[in-house]
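In the text below, chain A, chain B and the rest are named by the order of the sequence lines, each starting its count at 1.
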There are 2 protein chains.
Amino acid sequence: MPRRRITQTDVAAMAGVSQATVSFVLNGSTPAGVRISEETRQRVLDAIRITGYTANPAAQRLAGGLAQILGVFTYEATFPRASRDFYGPFLTGIEHAAERLGVDILLFTSAPVADGRRRLTREGWQRLGVADGCLLLGQHEHRGELQHLLDTNYPFVFIGKRGSDGGRLPYVGADYVGGTVRQIDRLVAHGHRRIGYVGLRGTDQPTLDRVEGYRTAMKTHGLTTRFVELEDVAATADEILDQRFTAVVVAPENHPEELADELERRGRSVPGDVSVLLLGQPHHPRRGGRDWSGFSVPREEMGARALYLLSRLVADDEPRRDRDGRRPAAVTDAELHQVLVCPDVAGATVAAAAPGPDAP
Amino acid sequence: MPRRRITQTDVAAMAGVSQATVSFVLNGSTPAGVRISEETRQRVLDAIRITGYTANPAAQRLAGGLAQILGVFTYEATFPRASRDFYGPFLTGIEHAAERLGVDILLFTSAPVADGRRRLTREGWQRLGVADGCLLLGQHEHRGELQHLLDTNYPFVFIGKRGSDGGRLPYVGADYVGGTVRQIDRLVAHGHRRIGYVGLRGTDQPTLDRVEGYRTAMKTHGLTTRFVELEDVAATADEILDQRFTAVVVAPENHPEELADELERRGRSVPGDVSVLLLGQPHHPRRGGRDWSGFSVPREEMGARALYLLSRLVADDEPRRDRDGRRPAAVTDAELHQVLVCPDVAGATVAAAAPGPDAP
DNA sequence: TCAATCAGATGATGCGCATTATTAGCAACC
DNA sequence: GGTTGCTAATAATGCGCATCATCTGATTGA
């Protein structure tokens with residue numbers, strides 16, 4: 001086992017060439033009129049094989065190359081793991097993809113927290129530089145920081161749809177709209193007509209998309225949209241009964257478990273009297289919690305797809321060719337904004353509508 | 001927003017000093033006979049504050065400094081989060097500690113897998129270098145690789161006790177011995193006398209420790225140790241009844257859930273007829289699974305403590321002082337090998353022994 | 001008065017790599 | 001025979017930082 005690390009210079013010496021030649025061979029060469037004969041190339045490759053040379057990522061990065069390190073930054077105040085039920089799956093997907101890509105993952109756990117959200121400023125900028133590109137997680141992004149990333153042409157990909165910014169931000173999101181539409185379809189197929197939307201107004205993308213999906217689907221079926229502002233769970237339960245809903249859709253962050261409890265406390269059964277569909281997975285799966293019907297967000301896949309996309313963007317940035325001298329195909333606009341299907345979850349909180357006043 | 005990154009040279013220019021001076025100020029200076037006046041120091045610090053300068057980790061690392069990056073390597077074939085019930089909590093703890101320390105975490109997801117376990121060789125060595133030190137996870141470490149780490153004096157810490165290697169390997173483990181002893185104590189306190197150990201023979205540390213704990217405790221109480229080799233769950237259930245055990249202890253990887261099912265299928269209740277104590281948490285918590293009694297492994301804390309220890313080791317390696325000119329205290333032997341208490345879990349699978357032939 | 005000491009800093013160097021500019025050798029052409 | 005053109009490579013440079021060796025000017029000691 002060698003004491004000192006093996007460098008390109010060592011390899012060069014063994015192959016009887018210059019360090020530069022080794023670098024060219026490793027990078028598929030040909031930046032400008034540089035040519036390496038096939039024979040020399042082979043000699044270098046042999047030397048690399050024999051010595052077991054591997055590039056020092058720090059040096060690569062410093063010299064303006066790629067380090068095969070991709071970063072993960074989050075805007076949440078505490079690193080995603082803490083809210084592990086929600087963020088864990090993203091990271092699992094990211095790690096799987098990283099293994100496939102042969103890339104290391106750098107978690108920016110050091111970024112300072114200000115105003116309850118993590119910032120990229122100051123400390124952040126430089127640290128980002130160790131990674132070839134970065135995945136961005138969490139709702140509360142900071143516009144100025146994003147602008148800087150765009151300005152400096154630093155490759156990044158959002159996890160979660162970003163509609164706000166006219167197509168400049170690459171992202172991999174989930175199709176909350178489509179998922180919600182299908183839930184309404186489902187309810188209608190079960191004979192429901194009075195279907196309420198329970199939730200908080202919000203400007204976050206998932207909420208906007210759920211509302212849009214609800215609106216669209218209700219309109220399609222010629223039904224009236226009815227929103228119930230969630231303030232107090234008990235009050236909301238009363239309202240649901242007052243309005244004689246036979247079904248409601250609700251986002252997972254809006255305490256569906258407690259809501260169902262309240263309904264049952266009022267002598268109604270879920271789904272016997274009221275069907276409840278969840279627009280996403282439960283955030284904090286309770287021991288012995290209900291088996292919710294609704295749709296699920298493909299979080300692992302989102303993580304993985306985001307990393308793949310990021311790696312493509314990084315490759316695009318680097319004007320380097322593969323060994324056939326061709327550049328990989330450029331990233332298309334379609335790739336830049338991916339929205340993944342949210343599969344339906346059968347569950348046990350949906351049933352046929354009780355025949356009510358609106359029944360035929 | 002500056003286009004080009006701010007370097008020490010920029011800061012130096014602003015403060016009217018040389019780049020070297022800036023570096024000295026940042027590192028608490030004084031490598032050899034170098035002195036910086038308080039006034040100059042302040043000027044440099046001001047310039048840093050104004051420019052918002054931050055060190056480029058790649059450059060720091062290349063120049064032999066610290067990058068404030070700590071690595072996580074695993075010997076498992078797939079990266080830990082994938083088997084997230086077991087490994088997830090370690091990473092949670094690690095991330096929390098990283099936030100506290102202001103350090104980024106590098107996951108070595110790129111390390112190649114050979115023979116079903118991940119290796120550090122070739123690819124690995126150089127990549128490790130980006131991090132100031134590294135946490136090691138998983139059972140199947142490779143001796144040669146460890147030796148190399150020791151030889152090159154690369155700072156690392158194992159998560160999980162490492163007894164095999166006479167105190168040369170730093171680790172943060174869990175006290176399986178003590179935890180197991182207490183479970184036996186618990187059973188004895190409940191009047192149990194015929195207490196079996198169900199499990200597979202294994203040479204992994206946790207298994208060795210559980211067996212040791214069982215042996216010790218049984219001896220202390222003057223009871224006979226009885227091991228049931230787990231081959232087939234059904235056969236094991238039969239054996240438990242044959243031997244008229246009133247209680248068994250079992251490791252979580254040995255299918256406790258199925259075992260209890262088998263017992264109940266035979267008309268025995270858990271814990272009514274047979275108490276079952278789990279020596280650790282369930283590996284794959286089942287929906288609606290039993291509420292196991294036993295002990296839990298403080299995995300998050302292990303992760304966090306391991307990272308703290310690693311950071312101390314790294315600091316120790318670097319002959320650098322803090323701003324008062326003192327070196328932090330060296331790592332003691334006690335710190336080098338930490339074993340954390342495994343708290344008891346009350347649970348619902350333990351009850352008083354049914355009066356049997358051994359009863360008074 | 002001249003050497004010795006010391007505070008306070010700076011210049012130069014190298015870490016390992018990517019990349020640009022340059023060179024050496026040789027065949028072809030006028 | 002000199003110039004052009006081409007292939008095949010190398011020398012040199014810089015990325016940003018840590019660090020070693022060195023330098024300057026002031027103060028002290030004899």
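Here C:dT19 presents its P atom at 12 Å from CZ of A:R61, a figure rounded to the nearest Å. Between the C1' atom of D:dC17 and the CD1 atom of B:I48 lies a distance of 13 Å, rounded to the nearest Å. Rounded to whole Å, atom C1' of C:dC15 lies 15 Å from atom CG of B:L66. The separation between A:I6 atom CD1 and C:dC17 atom P is 11 Å, rounded to whole Å. C:dC17 atom P lies 12 Å from atom CZ of B:R127, rounded to whole Å. For B:Q8 and D:dT19, the CD to C1' distance is 12 Å, given to the nearest whole Å. For the pair B:Y53 OH and D:dA18 C1', the interatomic distance rounds to 11 Å; values are reported in whole Å. We find that CG of A:N56 is positioned 10 Å from P of C:dA18, with the value rounded to whole Å.
Using a 4.0 Å heavy-atom cutoff across all strands shown, B:A58 reaches no nucleic acid atom at all.
When the side chain to side chain contact (heavy atoms under 4.5 Å, CB included) test is applied to A:A306, the partners found at least two apart in sequence or on another chain are A:L135, A:V157, A:I159, A:V172. Partners of B:E99 by salt bridge (Lys or Arg N to Asp or Glu O under 4.0 Å), not counting sequence neighbours, listed by chain and number: A:R118.
Here the rule is side-chain contact (heavy atoms from CB on, under 4.5 Å) with A:L136, and of A:L146, A:L310, A:T74 only A:L146 fits it. The side-chain contact (heavy atoms from CB on, under 4.5 Å) with A:L107 is formed by just one residue from the set B:D104, B:L107, B:L106; it is B:L107.
Proximity of A:N27 to the phosphate of C:dA18: a side-chain N or O atom is located under 4.0 Å from OP1 or OP2. For A:S23, a side-chain nitrogen or oxygen approaches OP1 or OP2 of C:dA18 to under 4.0 Å. Residue A:T7 has no polar side-chain atom (N or O) positioned under 4.0 Å from OP1 or OP2 of C:dG16. Contact annotation: B:Q60 does not reach the phosphate of C:dC15 (side-chain N/O to OP1 or OP2, under 4.0 Å).
Residue pairs meeting the side chain to side chain donor-acceptor pair (under 3.5 Å) criterion with at least one member in residues 56-66 of chain A, sequence neighbours excluded, are A:R61-A:D132.
Side-chain contact between A:E145 and A:Y75: present, with at least one pair of heavy atoms (C-beta onward) separated by less than 4.5 Å.
In this structure, A:R305 is not positioned above the aromatic face of A:Y308 in the sense of NZ or CZ being under 6.0 Å from the six-membered ring centre and within 45° of the axis.
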If you look only at distance, which donor and acceptor atoms sit under 3.5 Å apart when one is on a side chain in residues 12-20 of chain B and the other is two or more places apart or in another chain?
| unit_1 | atom_1 | unit_2 | atom_2 | d |
| --- | --- | --- | --- | --- |
| B:S18 | OG | B:T21 | N | 3.3 |
| B:S18 | OG | B:T21 | OG1 | 3.0 |
| B:Q19 | NE2 | B:Q8 | OE1 | 2.9 |

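A donor-acceptor contact shorter than 3.5 Å links the side chain of B:T51 to the backbone of B:A47.
Taken over five-pair windows at either terminus, the axes of the helix from C:dT1-D:dA30 to C:dC30-D:dG1 are inclined to one another by 80° (rounded to 10 degrees).
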Its contact letters, B for base, S for sugar-phosphate only and - for none at protein heavy atoms under 4.0 Å, make nucleotides 6-14 of chain D read -SBBBB--B

